[in-house]
Amino acid sequence: MLCLKKTFMEDLPSLLGRQVKIAGWVHKVRALGGLVFIILRDCTGLCQVVVKGNPDLVKLARSLNMEDVIEVKGIVQRSRSRQFPVEVVAESISVLNRVIGGVPLDVTGAIEADLGTRLRYRVADLKRPRNLAIFRVQAELVDAFRRYLKERRFIEVHTPKIVVYATEGGAELFEVKYFENIAYLAQSPQIYKQMLVIAGFERVFEIGHAYRAEKHSTVRHLNEYVSLDIEMGFIEDENDLINFEEDLIKYMLQSVEENCSRELKLLGAEVTIPDRIPKLRFPEVKEILVEYYNLKEYEDAEDLDTRGEELITKYVQENYGVDMVFVDLFPLSSRPFYTMPYDEVYGRSFDLIFRGLEVSTGSQRIHQYELLRQMMIKKGLNPDDFKYYLEAFKQGAPPHGGFAIGAERMTMKLLGLCNIREASLFPRDRYRLEP
RNA sequence: GAACCGGUAGUUUAGCCCGGAAGAAUGCGGGACUGUCACUCCCGUGGCCCGGGUUCAAAUCCCGGCCGGGGCGCCA
């Protein structure tokens with residue numbers, strides 16, 4: 001009895017002349033009378049199955065519909081196809097499961113559905129090779145992030161997503177019923193990352209969800225997103241973080257370029273790795289907007305809006321030939337309470353803007369108990385609400401800081417997707433809670 | 001919270017301005033076809049988001065609702 005394990009499509013070219021067992025989804029059937037071509041898909045790609053000679057087998061092959069799940073045993077041979085170098089000549093086919101009522105979307109990509117329809121039928125949509133490619137690239141970004149940090153003595157942690165801290169900034173929180181109390185979904189692992197650095201972990205990172213209860217409905221916001229967070233102790237100031245992040249980002253891009261060439265080609269995306277990411281300061285950026293672009297309305301700006309982010313990207317493209325830029329020293333007024341002040345007005349807080357979108361934010365944090373307390377009060381927060389957090393700062397807090405990268409935003413910008421929902425498997429937005 | 005744009009077979013789309021029998025592609029069902037590669041050809045199946053109004057007559061014009069897209073505010 002044959003007991004071959006499943007062979008993946010991408011391995012077939014190296015198995016010429018061998019008998020294999022392949023399995024997957026029927027991507028397409030091209031039936032020419034007594035000769036049937038089945039294009040079969042698995043997670044590694046497509047393959048052509050040829051069925052001929054055996055009338056029963058031909059009949060079975062002709063009865064297949066798109067997305068039926070089948071297993072094929074046969075011999076790998078060179079193909080006359082223009083699309084495939086090899087093909088499997090079927091000796092037997094077993095139908096593992098049939099589609100009921102047809103697939104709601106065209107998986108082959110010939111008919112492009114609207115994003116709303118695609119998200120409604122997300123499972124069928126994700127079958128499209130293009131979508132698998134998006135998430136392979138995302139997985140590579142995340143994996144590279146993890147590899148890079150682990151090699152530099154960072155420890156991966158998992159902090160609570162159910163929290164009580166009422167707020168740390170302007171962002172609104174989702175309320176959660178927690179037995180007899182009210183809790184919230186964490187909008188960031190910020191407070192816990194810091195406490196772990198203080199606890200002596202020194203360098204931590206976390207890949208986890210963050211929740212924002214903002215009623216926005218745009219192509220770049222999600223109410224649940226994946227945050228690539230790091231926090232590290234014993235930094236000089238935020239410049240250490242910026243330089244560190246610059247190398248990290250370059251490594252992540254390099255990894256995608258090296259390990260996802262097939263995906264990038266399929267998506268028509270190109271990765272450009274800057275030699276150096278320019279670093280500007282907020283006052284300079286403001287000056288560029290006011291002087292260079294002659295936009296007087298930015299004279300009193302305390303933060304960058306969408307247009308500002310797009311223009312500054314345009315500026316560095318034209319003047320530095322790159323599509324990312326660090327902007328440092330944002331006004332304290334637009335940053336959270338834990339931001340280390342640079343002077344009275346500015347904070348040691350920075351953004352990374354990539355192709356017109358903020359994909360990362362970070363800062364040196366305040367490590368002095370009294371100053372932290374003061375800043376909370378200044379921001380209108382009640383120190384009593386942060387009792388456990390504040391307490392930690394009395395127990396030996398080193399100078400420290402960190403940053404977070406939005407995984408979906410990074411993926412979106414890298415691949416040139418026009419909607420962040422495309423970079424989220426099952427996006428949660430203002431009006432979408434399922435699937 | 002909200003300018004604006006849109007909603008026609010499962011999916012994509014023509015028709016809407018200028019009211020008069022709703023057409024196509026793809027899928028699905030049937031048939032022909034032994035090297036397709038968006039296979040081809042023939043037949044069939046299946047649709048105007050919901051409610052109200054105007055009119056002899058509404059997919060088409062008007063109003064309301066629902067759903068989708070979406071720049072803004074806010075936010076990362």
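Labels below follow one simple rule: chain letters A, B, ... track the order of the sequence lines, proteins then strands, and each chain is numbered from 1.
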Rounded to whole Å, please give me the gap between [atom1] in [X] and [atom2] in [N].
X: Gln187(A); N: rC74(B); atom1: CD; atom2: P; answer: 17 Å
X: Tyr121(A); N: rG10(B); atom1: OH; atom2: P; answer: 8 Å
X: Glu112(A); N: rG27(B); atom1: CD; atom2: P; answer: 16 Å
X: Leu105(A); N: rA9(B); atom1: CG; atom2: C1'; answer: 15 Å
X: Leu32(A); N: rA38(B); atom1: CG; atom2: C1'; answer: 14 Å
X: Ile39(A); N: rA38(B); atom1: CD1; atom2: C1'; answer: 11 Å
X: Arg432(A); N: rC67(B); atom1: CZ; atom2: C1'; answer: 11 Å
X: Asp106(A); N: rU26(B); atom1: CG; atom2: P; answer: 11 Å

Classify the side chain of [X] versus the base of [N] as yes if they form a donor-acceptor pair under 3.5 Å and no if they do not.
X: Lys52(A); N: rG35(B); result: yes
X: Gln83(A); N: rU36(B); result: no
X: Glu87(A); N: rG35(B); result: yes

Scan [X] against the nucleic acid and name what it touches under 4.0 Å (heavy atoms): base, sugar-phosphate only, or nothing.
X: Thr306(A); value: sugar-phosphate
X: Arg120(A); value: nothing
X: Val219(A); value: sugar-phosphate
X: Gly116(A); value: sugar-phosphate
X: Asp114(A); value: sugar-phosphate
X: Leu222(A); value: base

What's the gap between [N] and [M] when it is taken at their [atom1] atoms, as a whole Å value?
N: rC61(B); M: rC18(B); atom1: C1'; answer: 11 Å
N: rG51(B); M: rC66(B); atom1: P; answer: 15 Å
N: rC16(B); M: rU60(B); atom1: P; answer: 13 Å
N: rG6(B); M: rU45(B); atom1: P; answer: 33 Å
N: rG46(B); M: rA57(B); atom1: P; answer: 28 Å
N: rU26(B); M: rA22(B); atom1: P; answer: 23 Å
N: rG44(B); M: rA25(B); atom1: P; answer: 12 Å
N: rG7(B); M: rA59(B); atom1: C1'; answer: 11 Å

Using side-chain contact (heavy atoms from CB on, under 4.5 Å), reason through Leu304(A) and Ile353(A) one step at a time and then give a plain yes or no. CA-CA 10 Å; Leu304(A) 279 181; Ile353(A) 298 166; 3.8 Å; yes
Listed partners of Glu422(A) passing salt bridge (charged side-chain N to carboxylate O under 4.0 Å, His left out), at least two apart: Arg118(A), Arg130(A)
Tell me which one of Phe244(A), Phe205(A), Phe154(A) satisfies ring pair (Phe, Tyr, Trp, His ring centres under 6.0 Å) with Tyr148(A). Phe244(A)
Under 4.0 Å between a side-chain N/O of [X] and OP1 or OP2 of [N], yes or no?
X: Asn65(A); N: rG29(B); value: yes
X: Thr117(A); N: rG68(B); value: no
X: Arg128(A); N: rU11(B); value: no
X: Arg430(A); N: rG1(B); value: yes
X: Lys28(A); N: rU36(B); value: no

More than 12 heavy atoms of other residues, nucleotides or ligands under 6.0 Å from OH of Tyr293(A): is that the case? yes
Greater than 12 external heavy atoms within 6.0 Å of Arg78(A)'s CZ: no
Pair assignment for [N], Watson-Crick or G-U wobble, requiring both distances under 3.5 Å:
N: rG64(B); value: rC50(B)
N: rG23(B); value: rU13(B)
N: rG44(B); value: rC28(B)
N: rC4(B); value: rG69(B)

As a test of reading the structure: which of [options] is closest to the side chain of [X], going by heavy atoms?
X: Arg421(A); options: rG35(B), rG70(B), rU11(B); value: rG70(B)
X: Ala113(A); options: rU12(B), rG35(B), rC74(B); value: rU12(B)
X: Glu214(A); options: rG35(B), rC74(B), rC37(B); value: rC74(B)
X: Arg212(A); options: rC75(B), rU34(B), rC28(B); value: rC75(B)
X: Gln48(A); options: rA25(B), rC72(B), rU36(B); value: rU36(B)

By nearest-heavy-atom nucleotide on RNA chain B, the more 5' of Thr218(A) and Ser360(A) is Thr218(A)
Given that Tyr431(A) and Ser81(A) both sit by RNA chain B, which one's nearest nucleotide is further toward the 5' end? Tyr431(A)
Just by modelled atom types, is the [Y] backbone N or O under 3.5 Å from a matching donor or acceptor in the [X] side chain?
X: Arg136(A); Y: Cys260(A); value: no
X: Arg335(A); Y: Pro331(A); value: no
X: Arg355(A); Y: Lys413(A); value: yes

Please determine, by modelled atom types, if Glu10(A) and Thr44(A) share a side-chain donor-acceptor pair under 3.5 angstrom. no
